[in-house]
There are 2 protein chains.
Amino acid sequence: MYTCEPDKRGTGKQMTDKQRRRPGETREKLMSAALDLVGKGRHFASLGIREITRQAGVVPTSFYRHFRSVDDLGLQLVDELGLVLRRMMREARANVLQADKLIEESVAIFVAHAQANRSFFLFMAQGLAGESRAVQEGIRSEMRFFASELANDLRRLRLMEHLSDTDLDLTCDLVVRTVAFSLTDLLSVSADDDYQVGQVRKRTTRFLQMVFVGAAHWNSRSA
Amino acid sequence: MYTCEPDKRGTGKQMTDKQRRRPGETREKLMSAALDLVGKGRHFASLGIREITRQAGVVPTSFYRHFRSVDDLGLQLVDELGLVLRRMMREARANVLQADKLIEESVAIFVAHAQANRSFFLFMAQGLAGESRAVQEGIRSEMRFFASELANDLRRLRLMEHLSDTDLDLTCDLVVRTVAFSLTDLLSVSADDDYQVGQVRKRTTRFLQMVFVGAAHWNSRSA
DNA sequence: CACATAAGTGAACACTTGTACACATCAGGT
DNA sequence: ACCTGATGTGTACAAGTGTTCACTTATGTG
């Protein structure tokens with residue numbers, strides 16, 4: 001979904017295809033167009049309605065059929081972002097088997113997803129300091145959810161059992177932040193520069209290891 | 001500097017003041033105007049030349065006398081940002097006396113500076129995922145410098161001496177990232193909500209403590 | 001089938017935008 | 001004293017912007 005298809009039908013002024021336009025298709029095209037523009041290096045905050053509709057191969061008026069403003073579109077993108085994150089978590093839970101490689105493999109899965117949905121994560125990184133308060137809060141909320149799920153998983157795996165609930169939350173929050181920041185590193189190197197991507201992955205892994213070492217020895221200094 | 005002064009002279013079409021306009025005054029007004037707009041909630045990437053010059057109380061054409069484009073202005077703002085960061089470091093070095101309160105006091109100084117130069121740090125947070133590659137790289141570079149200075153300070157204070165140079169750099173990088181991310185928390189709460197600001201400060205402090213606990217026990221697992 | 005509704009279209013509006021040009025003013029060096 | 005450059009100003013224009021309006025078309029439910 002959200003692939004960049006080059007306006008399959010020309011500038012046909014009339015819809016003559018026998019194939020019906022499935023409902024919500026334009027809505028998706030608009031969201032995907034915004035993401036594509038972000039993926040091309042534009043900042044979401046600088047996108048205009050006309051620009052988005054042009055990229056989507058749709059007349060400007062159509063935009064209002066689905067969104068009230070660009071910020072509104074952003075909000076709906078945040079919702080979709082939630083789905084992407086959930087998919088990523090599911091895959092991580094399924095694939096991370098050996099506890100000793102937990103960090104490494106989780107980071108690998110994260111990097112893979114970030115690469116596969118580059119525009120999406122780019123949008124997320126931008127939105128964190130974006131100009132729409134609502135989008136900002138939405139992304140922050142997704143991150144909180146992610147952190148709380150991570151805490152649950154750690155509890156379920158009987159890891160970090162010496163930590164109080166609030167300290168575990170603290171740890172997971174720090175983990176999520178660290179990963180989120182790595183996003184900006186990852187997205188600033190070209191997607192197919194395997195060496196650089198590998199460097200980011202290694203570095204992120206070490207960051208997380210350091211955080212978990214800190215968490216493992218946390219109680220001793222809580223006095 | 002860069003205070004928001006409300007266009008002291010009116011819409012005078014001619015410059016009749018006996019007081020000479022000191023050189024570079026308009027340049028500063030333009031930079032300050034851009035920062036003001038960012039401080040008002042706009043995103044830097046969405047600012048236009050006319051908007052900036054309007055806010056600065058200057059005719060659009062003047063912009064080109066000092067900058068080639070908005071991105072160019074952004075680059076020069078990054079340079080100024082460097083100065084702000086250096087001032088902050090100097091103050092931190094001067095005021096942090098007792099090693100046991102090192103983290104707490106450093107965070108307090110950071111928060112104070114971030115509050116005092118809100119727009120500047122807002123600009124920095126935005127620029128990290130901004131649309132100008134050059135600005136992005138500039139901010140990243142400032143952060144690297146900051147991290148390396150922090151590493152030097154730790155060495156000078158004979159702290160974390162068990163860490164190799166690369167591991168110390170890793171630690172400092174993680175510290176700087178963590179603080180930078182806290183920026184987005186800090187800047188998303190209203191500036192005069194002392195309670196919330198205090199919460200962010202406490203949370204950031206605990207993050208850093210956890211990182212340093214991790215660093216303190218790092219060697220044991222480097223095998 | 002008829003009909004309400006959702007989705008798409010093109011033309012038009014009043015603004016705003018970036019940029020170019022020609023001109024005015026002043027500072028400083030020779 | 002005079003020129004040169006840096007700086008600031010007003011005007012102008014073509015292109016792009018958000019938004020509204022009236023119109024068509026297809027869908028699904030009674």
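So you know, we letter chains A, B, ... as the sequences are listed, proteins then strands, and number each from 1.
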Value in whole Å for how far the [atom2] atom of [N] lies from [atom1] of [X]:
| X | N | atom1 | atom2 | value |
| --- | --- | --- | --- | --- |
| Phe67(B) | dT19(C) | CZ | P | 15 Å |
| Glu25(A) | dA6(C) | CD | C1' | 15 Å |
| Arg42(B) | dT16(C) | CZ | P | 14 Å |
| Phe63(B) | dA20(C) | CZ | P | 13 Å |

Could you list all N or O pairs between the protein and nucleotides 20-23 of chain D that sit under 3.5 Å apart?
none

Parallel, tilted or perpendicular: ring planes of Phe121(B) versus Phe110(B), cut at 30 and 60 degrees: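 Perpendicular, since the angle between the ring planes exceeds 60°.
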
What class does the angle between the rings of Phe44(B) and Phe123(B) fall in, given that below 30° is parallel, 30 to 60° is tilted and above 60° is perpendicular? perpendicular

Looking at [atom1] of [X] and [atom2] of [Y], how far apart are the two atoms once the value is rounded to the nearest 0.5 Å?
| X | Y | atom1 | atom2 | answer |
| --- | --- | --- | --- | --- |
| Lys29(A) | Asp36(A) | NZ | CG | 12.5 Å |
| Ser182(B) | Arg177(A) | OG | CZ | 5.0 Å |
| Gln136(A) | Leu187(B) | CD | CG | 9.0 Å |

Side chain Gln115(B), main chain Ala191(B), donor-acceptor under 3.5 Å: yes

Residues within residues 43-52 of chain B bordering DNA chain C, heavy-atom distance below 4.0 Å: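 Nucleic-acid contacts, sorted: Gly48(B), Ile49(B), Arg50(B).
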
Quick one: do Leu75(A) and Asp79(A) satisfy side chain to side chain contact (heavy atoms under 4.5 Å, CB included)? Show the steps, please. CA-CA 7 Å; Leu75(A) 270 182; Asp79(A) 291 345; 6.0 Å; no

Looking only at side-chain N and O atoms, does His66(A) come under 4.0 Å of OP1 or OP2 in dA6(C)? no

When you measure from the side-chain N and O atoms of Arg27(B) to the phosphate of dT7(D), is any distance below 4.0 Å, counting only OP1 and OP2? no

Classify the nucleic acid contact of Arg68(B) as base, sugar-phosphate or nothing, counting any heavy atom under 4.0 Å across all strands shown.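 Nothing: the residue Arg68(B), judged by heavy atoms under 4.0 Å, touches no strand.
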
Counting neighbours of CZ on Arg156(B) that are heavy atoms of other residues, nucleotides or ligands and sit closer than 6.0 Å, is the number greater than 12? yes

